Amino acid sequence: MVYGFACAPANRPAGTVGSADAASKVYVAPGQHDEFYAFMSGGFNGQIGVYGLPSGRLLKIIPVFSQFPENGWGYSEETKPMLETTFGNIPWDDLHHTALSQTNGEDDGRWIFVNANNTPRVARVDLNTFEASEILQIPNSGGNHGSPFITSNSEYVIASTRFSVPIPQADVPIADYKKAFKGTISFIAANEPGKMDVAFQLLVPGYDYDLARAGKGPSKDWVFLTSYNSEQAYEKLEINASKADKDFIAAINWKRLETCAKTGKAENWPVDYVHNVMDEFSRVARSETKKSVKMLTPQSCPNSIFFLPTPKSPHGADVDPSGEYIVAGGKLATVIPVHSFTKLQQAIKDQAFETEISGIPVLKYDAILAGEVKDPGLGPLHTEFDGKGYAYTSVFISSEIVKWKLGTWEVVDRTPTYYSVGHLMIPGGATTKPSGKYAVALNKITKDRYLPTGPELTQSAQLYDISGEKMKLILDFPTTGEPHYANAILASKIEKQQKKYYSLAENRHPQVAKAERDAGIERTGKVIHVRMTAIRSHFAPDNIEGVQVGDTVLFHITNLEQDWDIPHGFAIQGAINSELLIMPGETRTLKWIPRSIGVFPMYCTDFCSALHQEMQGYVRVSPVGSSVPLTANTLKAKGQVARAAQRGITLPTPPGAGTGPVDAHAVHTTGAPRPR
Ligand code: RUQ
Ligand code: CUA
């Protein structure tokens with residue numbers, strides 16, 4: 001047994017295989033693809049890291065609750081509204097958990113949902129664009145750690161409040177905790193893109209709510225959430241919330257709640273919360289504030305929630321692939337308790353209640369228990385399943401994965417992790433159809449596993465081969481942020497659905513220029529709109545004059561390419577936000593406020609072609625009140641005029657065009673012709 005806390009020497013043989021053997025198991029030959037996509041939460045970076053498994057290669061970082069200068073997420077005018085909340089525009093959060101969308105309890109490859117812990121939010125990320133398409137703030141929540149957990153047909157994403165707070169918020173003494181503080185469990189309608197909303201909330205006692213899983217198969221109408229701090233401590237929780245022998249798993253019948261909400265049992269509570277959606281065609285995000293939410297209570301919807309006593313400050317609640325067993329990871333418990341869904345149903349029928357708390361029946365532990373896993377190690381946290389009758393529990397303090405058998409509850413294997421594993425993840429391990437091939441340990445402590453990088457070390461993830469009787473460590477791979485949870489899905493389920501580019505014909509951006517001749521410039525007071533196009537290897541216009549110090553210049557750049565993997569970038573000297581990365585067919589906007597006179601270069605930041613270095617231009621900035629007219633050399637391309645002529649189209653001659661369109665200057669509003 002390895003009970004030393006993270007003190008095992010690195011590179012020891014236990015649980016590892018010979019390095020040649022391990023290397024061959026994770027080797028993906030040049031030009032070949034990985035078998036799985038793994039979506040690893042980025043923790044305090046607010047992003048998702050996408051890795052290939054088994055190679056551990058980083059494929060992409062998806063910014064969600066963060067600004068990301070690499071592609072302008074949260075910096076471009078189109079994406080800024082995605083980060084709106086009632087607290088303001090929040091460019092950061094703490095992303096812990098991922099949940100792939102499901103159909104019939106299986107991963108279906110449509111979306112992945114993720115939570116923001118700090119400012120309660122849930123996001124939907126589309127798995128054909130690998131972009132966040134929707135973010136919903138959660139009202140009446142003190143922090144959204146316990147989220148998102150998805151029901152087996154993606155009906156709802158479930159989110160619980162970690163910190164209980166006065167609900168509705170109020171100015172009260174903290175010492176009034178027991179009286180005034182409450183928790184909520186939110187049920188977010190999730191199955192219609194663009195329409196995420198809090199369908200209803202359930203008001204629950206003021207504990208800390210932690211992790212959850214929705215049921216599946218026979219238990220699919222239920223969700224099981226752990227809670228701790230049933231002591232209702234509000235200071236020194238380390239001691240004061242660890243006193244009781246048992247806390248609770250809340251078993252909630254969401255179907256019943258849904259019926260109660262639909263039949264008028266809920267009250268409408270006024271509260272502001274924000275919903276942000278990226279429009280599919282304009283690719284401009286819009287943000288709206290919602291004004292009320294439906295609130296249910298255990299009293300207004302009886303028999304919808306039961307407490308299952310569970311030792312001791314439970315953390316993970318996981319449901320096996322059959323839907324029968326509910327496994328609790330009690331971080332301070334000496335056993336892993338497993339509840340039986342069948343027994344739970346019977347106990348409710350028999351009213352095998354030991355007491356009632358705020359209208360919530362508390363079931364008798366012995367009446368619902370299926371079994372206990374003895375000797376699970378110190379600090380069991382989270383459990384996943386291989387679909388072959390075994391469960392794998394991450395054990396934090398003794399730093400190991402413990403494999404045990406469902407039904408007999410005996411431990412059959414254990415292997416160290418380096419070091420102090422939090423979550424573990426088996427592809428499909430939370431669904432009805434796990435792929436029992438690999439397990440990934442998401443470790444909390446890195447120590448000596450990699451080349452050191454100053455005070456902050458990289459993060460430690462480890463890949464285990466679990467196809468045989470014994471688990472085998474086959475790969476260490478570092479990750480970004482602090483990975484909490486992760487999901488992985490067979491690449492074959494989503495590889496083919498990838499969007500290659502946005503359709504230029506369908507682009508409904510209000511400032512789109514679908515061809516170079518649509519490019520132009522326009523002034524309204526101190527605001528200048530530049531409609532610009534990008535195509536290999538030039539911008540149109542690429543010379544702009546008549547901008548004045550202090551103007552707000554909005555560069556709306558449309559990438560005219562209709563080809564996979566040809567983004568263009570855009571940067572201008574002194575822009576204080578970031579560059580833009582514009583996907584083919586889309587329009588993105590950079591705001592720039594020049595502070596001094598001069599001629600400022602702009603250029604493409606993504607190496608797009610042999611003449612990428614030529615993809616550049618200038619903006620001339622004059623003093624306030626200058627008489628330099630606003631001009632842009634939009635119809636610069638001789639080729640375009642010729643091509644248009646071939647198709648029988650005569651391009652309009654812009655005002656101010658002297659001898660012809662070759663070096664004409666389109667001036668759209670403040671139209672004094674350019675002096676020649
Ligand atoms: S929690 S290490 Cu933030 Cu998912 Cu258990
Ligand atoms: Cu476009 Cu480089």
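Bear in mind the structure is a predicted one, so any value in this text is a computation, not a measurement. First listed ligand is number 1; within each ligand, the first listed atom is number 1. Values reported hereafter were calculated over all heavy atoms of this structure, with side chains retained and with hydrogens, waters and symmetry mates removed.
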Would you be so kind as to tabulate the donor-acceptor pairs closer than 3.5 Å made by side chains of residues 325-337, with sequence neighbours excluded?
none

Criterion side chain to side chain contact (heavy atoms under 4.5 Å, CB included) against Phe65, the qualifying member of Val114, Thr119, Thr85, Asn118 | Val114

Near atom 1 (Cu) of ligand 2 (protein N/O/S, cut-off 2.8 Å, waters excluded) we have His568 ND1, Cys604 SG, Cys608 SG, Met615 SD

By salt bridge (charged side-chain N to carboxylate O under 4.0 Å, His left out), which residues pair with Asp413, not counting sequence neighbours?
-> Lys470

Specify the protein heavy atom at minimum distance from atom 2 (S) of ligand 1: its residue, its atom name, and the distance to 0.1 Å.
-> His382 NE2, 3.4 Å

With the threshold set at 4.0 Å, does a side-chain nitrogen-carboxylate oxygen contact exist between [X] and [Y]?
X      : Y      : value
Asp247 : Lys312 : no
Glu384 : Arg213 : yes
Lys236 : Glu238 : no

Lys/Arg cation over aromatic Tyr502: Arg283, 6.0 Å, 45° cone = yes

Do you see a donor-acceptor pair shorter than 3.5 Å between the side chains of Thr605 and Glu579?
-> yes

Shortest non-hydrogen contact from Arg449 to Asp476?
-> NE-OD2, 2.8 Å

What's the count of protein N, O or S atoms under 2.8 Å from atom 3 (Cu) of ligand 1?
-> 2

Test salt bridge (Lys or Arg N to Asp or Glu O under 4.0 Å) on Arg531 and Asp518 and set out the steps.
-> CA-CA 8 Å; Arg531 267 195 323 280; Asp518 301 334; over 6 Å; no

Output the list of atoms in ligand 1 that are nearer than 4.0 Å to some heavy atom of His315, sorted by atom number.
-> 1 (S), 2 (S), 5 (Cu)

